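In this text the structure is predicted, and so the values were computed from the model without any measurement.
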Amino acid sequence: MKLFDTMTREVRELSPRDGKIFRFYCCGPTVYGPAHIGNFRTFVLQDVFRRTLELSGVKTFHVRNLTDVDDKTIRDSQADGRSLKEFTDFWGDRFHDDCAKLNLLPPHVEPSAVEHIPHQIEMIRDLMEKGHAYASEDGSVYYKVASFDHYGRLSRLDQRELREGASGAIADDEYEKDSASDFALWKARRDEDGINFWESPWGQGRPGWHLECSAMCREYLGDTFDLHSGGVDLVFPHHENEIAQSEACTGHHMADHWFHLTHLLVDGGKMSKSVGNFYTLSQLIGAGFSPAELRYALISANYRQPLNFVAKDTEGNETFPALLGARQALQRLAKFEGSLLVKSALAKMPDYESALQLRDTASFTAAFEALLNDLNTPDALGRIFTAIKSISIESLSVEEAARELRGFRLVIEALGLDLPASGGPVEEAPAEVVKLAAERWAAKQAKNWSDSDRLRDEIAAAGWEIKDTKEGYTLCPKS
RNA sequence: GGCGAGAUAGCCAAGUGGUAAGGCCGGGCUCUGCAAAAGCUCUAUCGCGGGUUCGAUUCCCGCUCUCGCCUCCA
């Protein structure tokens, strides 16, 4: 599999450095509120990445952290009147709910920052001994950026001219630092932190943000590992700082590959609460959409391109055209899958496990190859539909149908799409409606059109829709 | 101001130095008592101006516009 590497700015072949297991780290969420669909663009694409790698025959070891101690979690937990742990557990659970709904494979390890404070303290001590860090008078510890020669390589900082305070977020403790670019490894306890502080050789306080990832990467993946990933906004300063910490500490280069995901835009602009275009999975589900529909929308553009999530139609109404489109596309895929399943005479739909074992892409080879080629999800989707059009299910033998179904399922599993169940949900309708439907069918057979139409209207009034087929009919909830 | 990404049909979005995947929507057709569903099918010369080339949407230059980042946002 090939993937663009932020460090070298080129598409490079991936392979596990130990020849066996591809070990990678993804920066996880800060659990202080609901994750939004932009966060999930990153996590979903990382999931597609992992699935593609595994389905190509490579075993993986996936670590993704939870940031459960920082300014925001401490501030908001107190405002909420809950302990930091109660607060972050709550939002961590919500995050996991969303991940499950979106069909994300759970990471093999999901470390918590709070639980690795000793590891972080150890790393700080090491950095101080090696002359890369210094303590300030108030008991904070800072990383001395000037002490690390390679600083800025990832984000090409040497070619930049940083605009002072461009983010409007100059820390109030900056005067404690030797240089504006130095960053905190350990932050001294402040009154507003309340009971949220930990003991350290430099006094009470809490770890800085960047350090947790360095410490947990080292703990679970070692000094050097295969790939590190996160949203583009993390390139600088977060990942730059991680590299500085880890490499200065271990003396080894940190990751072989850097995988960054471009942001999601909503209606052409950045998502923000004040603009009112801030969406969460729960909100979209509440609006009647499925997680799979969101997942489809999120993979419909290349990960290196900004994706414009269209929430409002041309009249400015919040009708979510992007999700409506995804729904139609998903139904076509489900329909194809259902027909193929019937023709194949397989007892059950091939799943991720069976795809991992057989790895036969049949007519969907080009689609899977699109994923192997720098994770080109939109190209893969296009090739899936092209392949579907080229397949005439009626003319396939049972064996051919089974093979095509496995190929189709492999690519669908790589994308992690949870297709809507196909087939007639007749039995799910209330007995009343089923009875009316049977009566209508009888009337229709008798060519009693007026009764037939009247019964169809009654069924519609009950919220159900009749769809006639060649052999009979199906009942669907009215959309 | 610096760095970076990008401008492809009504919308979303791939791709290529030789006249542009796919999805949605819309149109047409088939099927059908009607309708729905389903299937088939139709719709672009690739932001603007130059240049290189036998030939550019694809390479180079300029312009316009959009978006992101610039110390704790995925």
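Distance CG (A:L455) to C1' (B:A35): 15 Å, rounded to an integer number of Å. Here the C1' atom of nucleotide B:C69 and the CZ atom of A:R9 are 11 Å apart, to the nearest Å. Taking atom CG on A:L234 and atom P on B:U71, their separation rounds to 14 Å, with Å as the unit. Separating the NE2 atom of A:H263 from the C1' atom of B:A5 is a distance of 13 Å, rounded to the nearest angstrom. Distance CG (A:D453) to P (B:A36): 13 Å, rounded to an integer number of Å. Computed from coordinates, the A:E394 CD to B:G39 P distance equals 11 Å when rounded to whole Å. Distance, A:K444 NZ to B:C34 P: 9 Å, rounded to whole Å. Atom-to-atom, CZ of A:F43 to P of B:C73 comes out at 13 Å; the value is rounded to the nearest Å.
Relative to the side chain of A:F236, the nucleotides B:U71, B:C40, B:A74 differ in distance, and B:U71 lies closest. Distance from the side chain of A:S181 is smallest to B:U71 among B:G4, B:U71, B:A74. Of the candidates B:A74, B:C40, B:C67, B:A74 carries the atom nearest the A:D233 side chain, counting heavy atoms from C-beta on. In this structure, of B:A36, B:A38, B:C34, it is B:A36 that holds the atom nearest to the side chain of A:E465. Listed nucleotides: B:U71, B:G33, B:A74. Nearest to the side chain of A:T42: B:A74.
For A:F320 and A:Y279, the distance between ring centers is under 6.0 angstrom. In this structure, A:Y142 has its ring center no closer than 6.0 Å to that of A:F183. The six-membered or imidazole ring of A:Y134 lies away from that of A:Y143, with a centre-to-centre distance of 6.0 Å or more.
As the counterpart of B:U30, B:A38 is assigned, both hydrogen-bonding distances of the Watson-Crick or G-U wobble pattern falling under 3.5 Å. Using the Watson-Crick or G-U wobble rule with both distances under 3.5 Å, B:C59 pairs with B:G51. Nucleotide B:C3 forms a pair with B:G68, judged by Watson-Crick or G-U wobble geometry with both contacts under 3.5 Å.
In this structure, a donor-acceptor pair under 3.5 Å is present between the side chains of A:E110 and A:H96.
Taking the ring axis of A:F385 as reference, the NZ or CZ atom of A:R383 does not stay both within 45° of it and closer than 6.0 Å to the ring centre. In this structure, A:R64 is not positioned above the aromatic face of A:Y25 in the sense of NZ or CZ being under 6.0 Å from the six-membered ring centre and within 45° of the axis. A cation-pi arrangement is not found for A:R206 relative to A:F197, the charged atom failing to lie both closer than 6.0 Å to the ring centre and inside a 45° cone about the ring normal.
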Full working for salt bridge (charged side-chain N to carboxylate O under 4.0 Å, His left out) between A:K312 and A:E318:
CA-CA 4 Å; A:K312 292 182 175 161; A:E318 200 174 63; 5.3 Å; no

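If A:I466 and A:G382 are placed on RNA chain B by their nearest nucleotide, the residue sitting closer to the 5' end is A:G382. Toward the 5′ end of RNA chain B lies the nearest nucleotide of A:Y296, the other residue of the pair A:Y296 and A:G208 mapping further downstream.
Comparing the P positions of B:C46 and B:G18 gives an interatomic distance of 16 Å, to the nearest angstrom. Look at the P atom in both B:C42 and B:G33: the space between them is 28 Å, to the nearest Å. For the P atom pair drawn from B:C40 and B:C73, the interatomic distance equals 49 Å after rounding to whole Å. Rounded to whole Å, the P atom of B:A5 lies 12 Å from the corresponding atom of B:C60. Nucleotides B:C12 and B:C25, compared at atom C1', are 11 Å apart to the nearest Å. B:G6 and B:U43 have their P atoms separated by 29 Å, given to the nearest Å. Here the separation of B:U16 from B:G22, taken at their C1' atoms, is 16 Å to the nearest Å. For the C1' atoms, the distance linking B:U8 with B:G23 amounts to 15 Å, nearest Å.
Partner of A:N196 under the side chain to side chain contact (heavy atoms under 4.5 Å, CB included) criterion, out of A:T73, A:V69, A:L84: A:L84 alone.
Here A:H36 lies in heavy-atom contact (under 4.0 Å) with a base. As judged by a 4.0 angstrom heavy-atom cut-off over every strand, A:G230 is placed among residues touching the sugar-phosphate backbone only.
Here A:R332 reaches the OP1 or OP2 of B:G23: one of its side-chain N or O atoms lies under 4.0 Å away.
Side-chain atoms of A:R304 stay outside donor-acceptor range of the base of B:A5, with no qualifying N/O pair under 3.5 Å. Remark: the A:R327 side chain and the B:C24 base include no donor-acceptor N/O pair separated by less than 3.5 Å. For A:K72 against B:C73, no side-chain N or O and base N or O form a donor-acceptor pair under 3.5 Å. One donor-acceptor pair, N or O on each side, does fall under 3.5 Å between the base of B:G33 and the side chain of A:S452. Scanning atom types as modelled, one donor and one acceptor separated by under 3.5 angstrom connect the side chain of A:K270 and the base of B:C73.
A 4.5 Å side-chain heavy-atom check between A:L185 and A:Q245 finds at least one atom pair inside the cut-off.
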Output one line per pair: protein atom, nucleotide atom from nucleotides 9-14 of chain B, and distance, for all N/O pairs under 3.5 Å.
{"from": "B:C12", "atom 1": "OP1", "to": "A:N308", "atom 2": "ND2", "distance (Å)": "3.3"}
{"from": "B:A13", "atom 1": "OP1", "to": "A:N308", "atom 2": "N", "distance (Å)": "3.1"}
{"from": "B:A14", "atom 1": "OP1", "to": "A:N302", "atom 2": "N", "distance (Å)": "2.6"}
{"from": "B:A14", "atom 1": "O3'", "to": "A:N376", "atom 2": "ND2", "distance (Å)": "3.0"}
{"from": "B:A14", "atom 1": "O2'", "to": "A:D379", "atom 2": "OD1", "distance (Å)": "3.1"}

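Once the 5.5 Å centre distance and the 30° plane angle are applied, the aromatic ring of A:W449 is found stacked with the base of B:G33.
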